[in-house]
Structure formats: structure tokens, C-alpha cells
Amino acid sequence: MEKEVIKCNLCNDTGWIFKDGGVAKCECQYSLRNYQVSSSLNIPRKYYHATLENFIDGGIFERKLVIKKVKEYIYSDEINEGKGFFFYGKNGVGKTHLAVGILKELYNLKGITGMFYDTRILLYDLKATFEGNSSTRELLDAVIKAPILVLDDLGSERLSDWAKDILHYIIISRYNDKLPVIITSNISLEKEENKDIDQDVESKFGKGIASRLMEMCYPIYVVGEDFRKTSIQKDLRRL
């Protein structure tokens with residue numbers, strides 16, 4: 001008979017601990033729920049920790065405004081009108097963190113089950129299904145009909161005509177059904193000359209996608225330093 005392995009030494013896997021003369025939920029239960037929620041929303045393991053509460057504003061006024069706008073959106077009914085966000089800016093400023101935080105918050109507060117997909121991985125997976133590896137319709141329907149969809153890192157991939165057609169189909173389908181999309185990107189939604197962004201959606205994808213996304217999404221430029229680089233530099237300083 002195999003010896004049972006205890007995964008949590010705090011509660012011995014009971015889920016409860018004695019605290020302040022009473023009983024409280026063990027920390028492992030919150031971690032388990034976070035894992036289950038993140039997994040059900042197709043969130044990558046790297047972003048399991050991401051919430052709106054731990055989004056770093058760094059004392060920057062513009063970043064505080066972003067969080068304010070996002071929370072107003074979550075508590076409004078705009079999701080029912082197909083309204084979402086287009087977060088854009090440089091690498092490492094927290095665009096994906098914001099998108100994941102919104103997905104989790106909508107699930108926890110309103111029970112809305114969304115879907116996260118890196119755009120390049122989505123296109124790869126869809127191409128694989130077209131080549132007969134699995135059901136194309138099943139994956140495409142899941143992406144098109146998800147109550148809210150995150151398309152992460154849109155615009156960084158090289159696009160074939162086939163990829164553009166698929167993205168057109170997804171955006172148009174969701175536009176017609178008033179299903180919101182949250183996009184993160186290094187390109188802007190509209191052409192801008194006062195920001196360090198040299199490409200926009202229309203030049204990359206064409207007018208069809210651009211015009212619909214302008215109606216569907218609030219464009220939000222996320223300012224800040226590259227937190228990935230800052231984190232690496234801090235780790236190096238500890239050595």
C-alpha cells in the first residue's frame with residue numbers, strides 16, 4: 001500500500017487550520033482556487049499570480065487611472081454591450097497582467113467564464129486543427145463564443161493571408177454578437193505621433209479589423225518601465 005503524501009504541512013490537507021482560538025481556511029485553499037480559476041480561463045501558469053490588486057502602479061498617476069477605469073468597467077454593464085479594452089504600450093509594462101486581472105475579477109464577481117489566448121498560439125492551434133489534428137470547429141466556436149476573450153500580444157506575429165482571414169472572422173463574429181474582446185499589443189489602435197509606437201492596427205491588419213476594434217474597445221496606453229528587465233536587474237544585484 002502506497003504511503004499517502006501530504007501536500008500541505010500547515011493543515012495536513014484538511015483545508016482548515018486553528019487560528020486565534022477558532023478555525024480558518026488554510027492558505028493552500030486560496031492557492032488551489034486560484035489554480036482552478038486560472039486553469040479554467042486558460043491563463044498561462046506565468047500569470048496565475050496576476051490580479052488587479054497586485055498590479056504595480058509605481059506611484060504613476062496614469063497607471064492609477066488605468067486601474068480606476070478597469071474597475072469602473074467591471075462594475076458596469078458595458079460587457080453586455082460588447083465593450084472591451086485595447087491595452088497597448090512597450091514590453092513589460094503590465095498589459096497582460098491587466099488583461100488577466102480583468103478575466104479573474106469578472107469570473108469571481110459575476111461568474112463570467114472568459115478565455116485567454118496568446119494570439120500566436122491561437123493561430124498555431126487553429127492551423128493544426130485545419131491540418132486534421134483535432135476538431136477545427138470546436139476550437140473556433142470556443143474562441144468566438146467565449147463571454148469575454150483575451151487576445152494577448154496581437155500584432156507581434158507575422159501574418160499570412162490565412163491568419164488575417166481567421167482574425168477577421170473572429171473579430172467580426174464577436175462584434176456582431178456583442179461579445180467583448182480584451183487585446184494587448186505593442187502597436188496602437190489608431191495612428192499616433194506622440195507615443196513611441198510606430199505601427200497601428202489598420203496598417204497591420206487593414207481597415208476591417210481596425211474600424212470594428214475602435215468601436216469595441218477602449219484604447220488605453222499603458223505607461224511605465226519594463227518590469228521584466230527591472231526584475232532581472234534586481235536578481236543580478238542579489239548575486
Side-chain angles (χ1 to χ4, degrees), residues 25 27 29-31 33-119 146-154 171 174-175 177-186 188-190 192 195 197 201 212-228 230-231:
K25 263 191 178 182
E27 292 176 6
Q29 294 303 297
Y30 296 105
S31 298
R33 172 169 170 75
N34 186 38
Y35 170 81
Q36 291 170 334
V37 169
S38 297
S39 180
S40 69
L41 301 175
N42 199 40
I43 293 168
R45 186 177 295 273
K46 180 177 177 63
Y47 294 100
Y48 277 9
H49 73 286
T51 65
L52 295 180
E53 297 306 316
N54 60 27
F55 176 75
I56 301 172
D57 64 47
I60 301 172
F61 179 68
E62 290 86 351
R63 291 174 71 85
K64 292 178 183 292
L65 286 181
V66 169
I67 287 294
K68 182 174 182 293
K69 175 64 180 175
V70 163
K71 289 186 175 179
E72 287 173 354
Y73 167 82
I74 289 168
Y75 285 99
S76 75
D77 293 324
E78 289 185 289
I79 187 173
N80 299 325
E81 295 302 314
K83 202 72 176 178
F85 287 100
F86 189 100
F87 295 117
Y88 67 107
K90 295 182 292 185
N91 292 325
V93 294
K95 303 183 296 294
T96 302
H97 189 124
L98 282 168
V100 167
I102 294 172
L103 270 189
K104 287 182 179 178
E105 203 78 359
L106 287 171
Y107 180 85
N108 290 328
L109 292 177
K110 298 185 175 182
I112 297 172
T113 305
M115 176 180 282
F116 178 102
Y117 241 116
D118 180 282
T119 307
I148 187 161
L149 173 69
V150 169
L151 286 177
D152 190 45
D153 212 11
L154 181 77
I171 297 298
R174 296 187 65 82
Y175 173 85
D177 289 334
K178 285 189 173 182
L179 291 172
V181 62
I182 297 173
I183 290 173
T184 74
S185 183
N186 293 332
S188 62
L189 185 50
E190 297 182 80
E192 300 181 22
K195 294 184 175 70
I197 307 288
V201 171
R212 285 174 175 82
L213 288 181
M214 285 176 193
E215 186 176 337
M216 294 171 74
C217 299
Y218 290 114
I220 293 187
Y221 180 61
V222 184
V223 301
E225 59 182 327
D226 187 336
F227 289 101
R228 296 174 194 154
T230 303
S231 178

Find out whether [X] and [Y] are in side-chain contact, i.e. whether some heavy atom of one side chain is under 4.5 Å from a heavy atom of the other.
X	Y	value
Val201	Phe86	yes
Met216	Ile171	yes
Leu109	Tyr75	yes
Leu213	Val181	yes
Asn91	Asn186	yes

Distance-only polar pair, side chains of Thr119 and Asp153, donor-acceptor under 3.5 Å: no
Considering all heavy atoms, the nearest Pro147-Pro180 contact: O-CD, 3.3 Å
Minimum heavy-atom distance Lys64-Asp57, with the two atoms named: NZ-OD2, 3.4 Å
Would you say the side-chain atoms of [X] pair up with the backbone N or O of [Y], donor to acceptor, closer than 3.5 Å?
X	Y	result
Ser185	Leu154	yes
Lys83	Glu215	yes
Lys104	Tyr48	yes
Arg63	Phe55	no
Lys95	Lys90	yes
Arg174	Ala146	yes

About how many Å separate [atom2] of [Y] and [atom1] of [X], when rounded to the nearest 0.5 Å?
X	Y	atom1	atom2	result
Ile43	His49	CD1	NE2	11.0 Å
Thr96	Phe87	OG1	CZ	10.0 Å
Thr113	Tyr107	OG1	OH	5.5 Å
Phe85	Leu98	CZ	CG	9.0 Å
Asn108	Ile74	CG	CD1	10.0 Å
Leu103	Thr51	CG	OG1	13.0 Å

